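The model shown is predicted, which means the values in this text are computed figures rather than measured ones. Side-chain atoms are counted along with the backbone in the values below, which use heavy atoms only and exclude waters and symmetry mates. Letters A, B, ... are given to chains in the order of the sequence lines, protein chains preceding strands, and every chain is numbered from 1.
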2 protein chains.
Amino acid sequence: MVTIKDVAKHAGVAFKTVARVVNNDPTVKPENREKVLRSVEALGYRPNRAAQMTRRKKSGVIGFIADELLRIPYTFDLIRGAQEMAWKHNRELMVLNINEHKYSLEAAVDHLFQHRAEGIIYASMYHRQVSLPDSLTQIPTVLANCYTSCGRFATVVPDEELAGEQIVGSMLDKGYRRIAFLNLDERIIAAQGRKAGAIRAFEKRGESLQNLHIESVIVEQDGQLISRARLAACEVIKQFKPDAILCGQDPMAMEIYFVLQSLGLKVGEDIGIGSFDNWDLIPELLQPSLTTMALPHYEMGRWAFNYLLDERTDVVASKLPFRLISRGSL
Amino acid sequence: MVTIKDVAKHAGVAFKTVARVVNNDPTVKPENREKVLRSVEALGYRPNRAAQMTRRKKSGVIGFIADELLRIPYTFDLIRGAQEMAWKHNRELMVLNINEHKYSLEAAVDHLFQHRAEGIIYASMYHRQVSLPDSLTQIPTVLANCYTSCGRFATVVPDEELAGEQIVGSMLDKGYRRIAFLNLDERIIAAQGRKAGAIRAFEKRGESLQNLHIESVIVEQDGQLISRARLAACEVIKQFKPDAILCGQDPMAMEIYFVLQSLGLKVGEDIGIGSFDNWDLIPELLQPSLTTMALPHYEMGRWAFNYLLDERTDVVASKLPFRLISRGSL
DNA sequence: CTACCAAAAGACAACGTTGCCCCTAACTTA
DNA sequence: TAAGTTAGGGGCAACGTTGTCTTTTGGTAG
């Protein structure tokens, strides 16, 4: 590859002058600058990043460890949010996928240490508690979409409780009175927060909690998610007679649409449906399209990157709001 | 950070000896090796990758340019296939997302040149023709899930025609006789290949093409995809009276399930449904679950990486087979 | 004891940059 | 005219490794 010295020879200046031009040092005569730039162009010179890194003692590398326990499509937005910030600030986002079986967290961290990463974003693919090796305390680290019990790291997570309150509140505001909330497994932090938020929405408006039915219909057993959403929906419609159903996630809403169609109920007319996630194409594919609370993945990615960029050291626990995406189902 | 010289001082040897131990050079006395390893452990030394790169004149970097025109969830498998190979062979996969608006291809390529990437994988998020800058000819490049008109690059794409033939063949073998294929826009290469494959399956078995109805029901207009799948399904069922419907993609199959339910037809009993993609959760969420041809994204990622790893220079156009995933709908 | 040899380990330059220091020439000021 | 200032640019070391060459060590044969 062509080096800075090749350019210098071609332009007839000292190689240091080329370095100055490349790094936009103003103390170069316009005439020489021109000459150098022409040579750079002619030879196709590009600075060698590895050499820059060794000399500058700055790697410009931010590590992104993606813990892909579950493969949920839209979580890619988390990476994208971080990556776009990295690009804008001329940093390298080094993305490492880990999973339980083949690619371990320890190996990923070691890798990032070798690259002298200046910070690490650890992102979980769903909102949950994780445990991390001690070595991560040696380097600025942010957790996105997850948290530890030790509380030593800055974290950014979705504000589940606010989301529950917002969507239930918006349902009440639209005139729905009896709401059945078919929740996820309550061992999941998201389910807990949303439940609390739903209740708060009722309480704030002075509505009777008699009109709110909450039930977990997706349960984890032996690492498998088991959905009894269809059955539960039939029962709850018969027994509780809701005028709206709130689903714990969009795929569940899709199942509910099938149930309602089989019962001859029209979504958006006979019964309202709301949901969480904004999962890929599902909300738009359903007819009528699904009103849902979009998870702030992109925003968490950006937040995490900016935290590192600003060289913050405060151990905050930031909660970002969901976005209510109103469509035809509510 | 701790350097090789720090370790040398701690262990009481020359820094070159430490280098030898770290690089598994056998010409070190076991006794000294032990000492050095203890010091490495004690100080937490990790080789500086940037310095290694400058000296070795090998970057070990493979670039991955992800052209995310459409955001399709499972395409992440393409990245994963490449990344797992990279990890295994101790290379760096540098993933760069580009999109029309903000992050240009030229910038991404420049970035990779600066890192002295030893190869580039250019992956499109759906199977289509792309046009690439000339600068990519300077560096080994593979196209995954796309191709150019110039034909200067090695490519790996899904074998659309074989996929069409396989699934239609398997439908015929199961006894379905009249098949309606609700295809994607025929300007899409995938739609063309699958159509040809479907016809070939009929011809190979000597079945009359009278029993095969093919129609494009998802059309691109002004960059927008417009689906008239629901309407078309109603019509085709009334007019053509198929005993099985093949859908151009899983989201379309989901729409068809709604149509069939509203018509009182039971999928898998009254009518068979097949599809293409294995799109995220959709096939498993439908009841009965959907038989579909899974795109070989993971395999294309691996293939592309291995092509570069083997330092091949032949301009091949490799076609990888889909995987038929049989579920309850056929 | 000397000569020789192989194993082991040290010395030093090199990779392509940037940081620091210094030199030169031209210009300004007294 | 002499001294001081400043813009512009060159020289050289340094970053943390690895490659090449040389030296040291210890053992063995003559």
Side-chain angles (χ1 to χ4, degrees), chain A residues 1-40 43-61 90 92 110-118, chain B residues 1-40 43-61 90 92 110-118:
Chain A
M1 279 302 275
V2 30
T3 76
I4 213 168
K5 293 186 181 174
D6 298 326
V7 178
K9 201 173 291 174
H10 186 272
V13 295
F15 75 98
K16 189 68 240 244
T17 303
V18 178
R20 275 193 255 264
V21 171
V22 172
N23 291 290
N24 286 316
D25 188 319
T27 72
V28 179
K29 266 196 297 189
E31 178 200 330
N32 275 344
R33 175 179 303 277
E34 273 307 308
K35 262 201 301 190
V36 169
L37 286 177
R38 268 200 303 276
S39 297
V40 165
L43 301 179
Y45 167 74
R46 328 218 186 197
N48 182 323
R49 294 288 278 252
Q52 286 183 328
M53 286 177 187
T54 49
R55 184 67 249 254
R56 283 183 178 155
K57 313 262 290 172
K58 289 222 172 188
S59 69
V61 170
N90 203 29
E92 209 57 55
D110 186 70
H111 199 88
L112 291 173
F113 269 111
Q114 293 197 8
H115 281 275
R116 301 297 185 263
E118 288 158 9
Chain B
M1 279 301 278
V2 29
T3 75
I4 213 168
K5 294 187 181 175
D6 298 326
V7 178
K9 202 174 291 173
H10 187 273
V13 295
F15 74 97
K16 188 67 240 240
T17 303
V18 177
R20 275 192 255 264
V21 171
V22 171
N23 291 290
N24 285 316
D25 187 319
T27 72
V28 180
K29 265 197 297 188
E31 177 199 329
N32 275 343
R33 175 180 303 278
E34 273 306 307
K35 265 202 299 192
V36 169
L37 287 176
R38 269 200 303 273
S39 298
V40 165
L43 301 178
Y45 167 73
R46 327 215 186 201
N48 182 325
R49 293 289 277 251
Q52 286 183 328
M53 286 177 188
T54 48
R55 186 65 247 256
R56 284 183 178 155
K57 314 262 290 172
K58 289 224 172 186
S59 68
V61 170
N90 203 29
E92 210 55 56
D110 187 71
H111 199 89
L112 292 173
F113 270 111
Q114 293 197 8
H115 281 276
R116 301 295 186 265
E118 288 158 9

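Scanning for salt bridge (charged side-chain N to carboxylate O under 4.0 Å, His left out) contacts around A:R49 gives A:E92, with sequence neighbours left out. Here B:K57 pairs with nothing under the side-chain contact (heavy atoms from CB on, under 4.5 Å) rule; sequence neighbours left out. By the salt bridge (charged side-chain N to carboxylate O under 4.0 Å, His left out) test, B:R46 is found to be paired with A:D110, residues two or more places apart in sequence or in another chain being considered. Judged as a side-chain contact (heavy atoms from CB on, under 4.5 Å), and not counting sequence neighbours, A:R55 has no contacts.
Rounded to whole angstrom, the span from the CG atom of B:D25 across to the P atom of D:dT17 amounts to 17 Å. A straight line from CG of A:N24 to C1' of C:dT18 spans 15 Å, rounded to a whole angstrom. We find that CD of B:E31 is positioned 13 Å from C1' of D:dT25, with the value rounded to whole Å. Look at CE on B:M53: it is 15 Å from C1' on C:dT17, rounded to the nearest Å. Nucleotide C:dG16 holds its P atom 17 Å from the CG atom of A:N23, rounded to whole Å. The CD atom of A:Q114 sits 10 Å away from the P atom of D:dT17 (whole-angstrom rounding). At whole-Å resolution of the value, CZ in A:R46 and C1' in C:dT17 are 17 Å apart. Summarising the geometry, the separation between CZ on A:R116 and C1' on D:dG16 is reported as 9 Å, rounded to the nearest angstrom.
Contact check, B:Q52 against D:dT18: a side-chain N or O comes under 4.0 Å of OP1 or OP2.
Counting only heavy atoms from C-beta outward, the side chains of A:R116 and B:M1 approach each other to under 4.5 Å. At least one side-chain heavy atom of A:K35 sits less than 4.5 Å from a side-chain heavy atom of A:R38.
A:L43 and A:D6 make their closest contact through CD1-O, 3.8 Å (heavy atoms, listed as atom of the first residue, atom of the second, distance).
Between the side chain of A:Q114 and the backbone N or O of B:P47 there is no donor-acceptor pair closer than 3.5 Å.
Axis angle across the helix from C:dC1-D:dG30 to C:dA30-D:dT1, with five pairs used at each end and values rounded to 10°: 60°.
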Exercise for the section: Mark up nucleotides 8-15 of chain C, 5' to 3', with B wherever a protein heavy atom is under 4.0 angstrom from a base atom, S wherever such an atom reaches only the sugar-phosphate, and - elsewhere. Expected result: SBBBBBBB
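With rounding to the nearest 0.5 Å, the separation of OG1 in B:T54 from CG in A:N48 is 7.5 Å.
The residue from B:E118, B:H115, B:Q52 that alone fulfils the side chain to side chain contact (heavy atoms under 4.5 Å, CB included) condition with B:S59 is B:E118.
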Which pairs would a plain distance check flag for residues 8-25 of chain A, meaning a side-chain donor or acceptor within less than 3.5 Å of a matching protein atom at least two apart in sequence or in another chain?
unit_1, atom_1, unit_2, atom_2, d
A:H10, ND1, A:S39, OG, 2.7
A:N23, OD1, A:R56, NH2, 3.3
A:N23, ND2, A:A19, O, 2.8
A:D25, OD1, A:T27, N, 2.9
A:D25, OD1, A:T27, OG1, 3.0

Atom pairs under 3.5 Å, N or O on each side, protein against nucleotides 4-6 of chain C: can you list them with distances?
none

